[in-house]
Amino acid sequence: MGTVIELKDVTYNYPLTSRPAIKNLNLKIEEGKFYGVIGANGSGKTTLCALMRGFAPSFYQGELKGEVLVDGKSTLLYGPGELALRIGFAFQNPFNQISGVKDTVFEEIAFGLENFGTPVDEIEDRVVDVMRQTKIESLAMKNPFEISGGQQQRLALASVLALNPSIFVIDEPTSQLDPEGTESVFEIIEMLKKQKKTIVLVEHKVDLLAEFADEIMVFKGGEMIRFGDKQSILSDLSLEEQGVQLPQYAVLGGQLMQRGVALDYIPITEAQALEVIGKAVQKGGK
Ligand SMILES: Nc1ncnc2c1ncn2[C@@H]1O[C@H](COP(=O)(O)OP(=O)(O)O)[C@@H](O)[C@H]1O
Ligand SMILES: [Mg+2]
């Protein structure tokens with residue numbers, strides 16, 4: 001599997017700021033992997049997304065040191081719109097994604113395809129297809145601004161899916177959603193994972209990352225303080241002292257250990273917790 005996005009010694013400042021939003025970042029994103037991004041507010045997660053998608057610096061301006069490469073080519077060398085077909089980008093607030101110029105969900109999804117000159121009969125097929133995948137067929141004729149937050153988030157993902165990019169950069173899609181809305185968004189993300197898409201997902205719900213992600217990046221004050229496979233990062237109890245929220249099963253595992261229960265390892269998912277606590281109970285009973 002090849003590298004699809006690479007950041008080389010990237011330091012980025014928004015205009016008129018003295019403190020960089022991203023500092024000395026080196027990172028490789030491999031094709032087909034699912035990366036979870038966590039960190040406190042203001043730690044640089046959204047800026048990372050904007051750098052990968054080329055919005056920083058092209059849209060935000062500011063100063064970029066180092067290089068952001070997509071398929072080996074600097075984002076500075078891509079034409080406007082060119083990266084949109086390679087990297088699907090979903091904003092934190094789906095409101096920002098909705099064009100505001102279309103009256104129905106159907107037309108809204110078609111809008112992006114029209115902009116890229118897709119033939120009309122193909123547009124209809126694609127729109128129907130992604131509405132089915134994101135389970136919003138029944139909303140086809142609704143106004144995009146008159147559907148629920150969870151439905152808008154699915155619409156935003158559907159609009160991105162319609163362009164069929166192979167990389168998805170998704171910024172906190174569930175932060176404003178209830179558990180049901182969150183589940184419906186994660187169903188879409190699971191589908192993308194099954195389709196072997198490359199996924200970079202900023203998400204505070206670490207329990208869901210523990211289930212679905214492959215790799216985890218932890219940001220703090222503009223720096224990536226940890227990067228590795230989810231098992232090693234999300235079971236690292238020392239991260240709690242750094243203000244990083246760990247999965248509920250890891251926290252529970254840590255508390256059991258403190259109480260003298262010898263667990264084989266710190267679990268990060270429910271299945272792991274059942275396995276390792278079950279084992280410890282059996283041993284204890286003998
Ligand atoms: N458009 C902007 N102009 C100036 N500073 C910004 C802008 N957007 C974000 N920042 C600053 O950059 C830093 C990182 O922000 P951000 O990437 O949005 O963090 P996160 O997504 O982790 O909350 C913060 O200090 C924030 O105040
Ligand atoms: Mg953010």
Side-chain angles (χ1 to χ4, degrees), residues 5-27 29 34-68 70 75-76 80 83 87-98 149-150 152-153 156-157 160 167-177 181-182 185-186 188-189 199-210 212-213 215-228 230 233-234 239-247:
I5 304 179
E6 182 170 6
L7 282 82
K8 283 183 171 171
D9 292 322
V10 168
T11 294
Y12 173 75
N13 274 79
Y14 285 100
L16 310 174
T17 56
S18 52
R19 213 176 58 99
I22 287 287
K23 244 182 283 182
N24 308 324
L25 181 57
N26 285 288
L27 175 65
I29 301 294
F34 180 167
Y35 299 83
V37 184
I38 58 176
N41 276 340
S43 60
K45 306 180 300 294
T46 294
T47 306
L48 170 71
C49 296
L51 283 164
M52 292 196 283
R53 175 59 183 78
F55 292 148
S58 71
F59 173 76
Y60 290 107
Q61 302 294 312
E63 189 194 2
L64 171 66
K65 286 187 206 136
E67 273 191 309
V68 183
V70 175
T75 53
L76 300 173
L83 273 175
I87 306 182
F89 187 89
F91 292 88
Q92 176 163 2
N93 185 345
F95 244 73
N96 295 332
Q97 192 116 4
I98 293 169
Q152 280 182 345
Q153 196 57 264
L157 288 171
V160 173
I167 307 168
F168 284 76
V169 175
I170 309 173
D171 193 6
E172 294 199 44
T174 71
S175 60
Q176 296 166 56
L177 301 184
T182 298
V185 164
F186 262 81
I188 298 171
I189 293 168
I199 303 167
V200 178
L201 173 69
V202 180
E203 176 61 65
H204 283 293
K205 293 171 184 147
V206 276
D207 291 316
L208 290 168
L209 292 180
F212 299 113
E215 309 274 319
I216 302 288
M217 299 169 210
V218 185
F219 279 83
K220 191 175 178 183
E223 289 180 89
M224 187 168 69
I225 58 168
R226 292 294 299 277
F227 178 39
K230 68 172 172 194
I233 305 276
L234 295 179
L239 281 172
E240 277 192 306
E241 288 148 31
Q242 306 234 39
V244 177
Q245 200 203 329
L246 295 178

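First listed ligand is number 1; within each ligand, the first listed atom is number 1.
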Trainee: Could you tell me if the side chain of Leu25 sits less than 4.5 Å from the side chain of Leu48, heavy atoms only?
Mentor: yes

Trainee: Please classify the Pro15 to ligand 1 contact at 4.0 Å (heavy-atom distances, strictly less than): side chain, backbone, both or neither.
Mentor: neither

Trainee: Nearest 0.5 angstrom please: Lys45 NZ to Ile38 CD1, how far?
Mentor: 9.5 Å

Trainee: Give me the residue, atom name and distance of the protein heavy atom closest to atom 22 (O) of ligand 1.
Mentor: Lys45 NZ, 2.7 Å

Trainee: So does Thr46 have any N/O/S atom less than 2.8 Å away from the Mg ion (ligand 2)?
Mentor: yes

Trainee: Who's the nearest protein heavy-atom neighbour of atom 15 (O) of ligand 1, and how far?
Mentor: Thr47 OG1, 3.8 Å

Trainee: Compare Asn13, Leu16, Thr46, Leu51 and give the one whose heavy atom is closest to atom 18 (O) of ligand 1.
Mentor: Thr46

Trainee: Which of the numbered atoms in ligand 1 are below 4.0 angstrom from a heavy atom of Asn41?
Mentor: 23 (O)

Trainee: May I ask whether Ala50 places a heavy atom under 4.0 Å from ligand 1?
Mentor: no

Trainee: To the nearest 0.5 Å, what is the distance between CG (Leu27) and CZ (Phe227)?
Mentor: 5.0 Å

Trainee: What distance do Leu76 atom CG and Glu67 atom CD have between them, rounded to the nearest 0.5 Å?
Mentor: 8.0 Å

Trainee: Got a second to check how far Ile216's CD1 is from Leu234's CG, nearest 0.5 Å?
Mentor: 4.5 Å

Trainee: State the CG-CD distance between Asn96 and Gln152, to the nearest 0.5 angstrom.
Mentor: 10.5 Å

Trainee: At a 4.0 Å threshold, what atoms of ligand 1 neighbour a non-hydrogen atom of Ala40?
Mentor: 22 (O)

Trainee: Does the protein place any heavy atom closer than 4.0 Å to atom 27 (O) of ligand 1?
Mentor: no

Trainee: May I ask you to check whether Tyr60 and Tyr14 place their ring centres under 6.0 Å from each other?
Mentor: yes

Trainee: Using a 4.0 Å cut-off to any heavy atom of Ser43, which atoms of ligand 1 qualify?
Mentor: 19 (O), 20 (P), 22 (O)

Trainee: In terms of residue, atom name and distance, what is the protein heavy atom nearest to atom 19 (O) of ligand 1?
Mentor: Gly44 N, 3.1 Å

Trainee: First locate atom CD1 of Ile189, then atom OG1 of Thr174, and finally report the distance between them rounded to the nearest 0.5 Å.
Mentor: 7.5 Å

Trainee: Which of these, Ile170, Asp171, Val202, sits in a side chain to side chain contact (heavy atoms under 4.5 Å, CB included) with Gln92?
Mentor: Asp171

Trainee: Looking at ligand 1, does Arg19 have a heavy atom less than 4.0 Å from it?
Mentor: yes

Trainee: Looking only at the side chains, is there a donor atom on one of Asp9 and Asn24 sitting less than 3.5 Å from an acceptor on the other?
Mentor: no

Trainee: Does ligand 1 come near enough to Ala21 that some N or O of the ligand is less than 3.5 Å from an N or O of the residue?
Mentor: no

Trainee: May I ask you to identify the nearest protein heavy atom to atom 24 (C) of ligand 1, giving residue, atom name and distance to one decimal place in Å?
Mentor: Gly42 O, 3.7 Å

Trainee: Just need the protein heavy atom nearest to atom 5 (N) of ligand 1, so name the residue and atom and give the distance.
Mentor: Tyr14 CD1, 3.4 Å

Trainee: Is atom 13 (C) of ligand 1 touching the protein, meaning some protein heavy atom lies under 4.0 Å away?
Mentor: yes

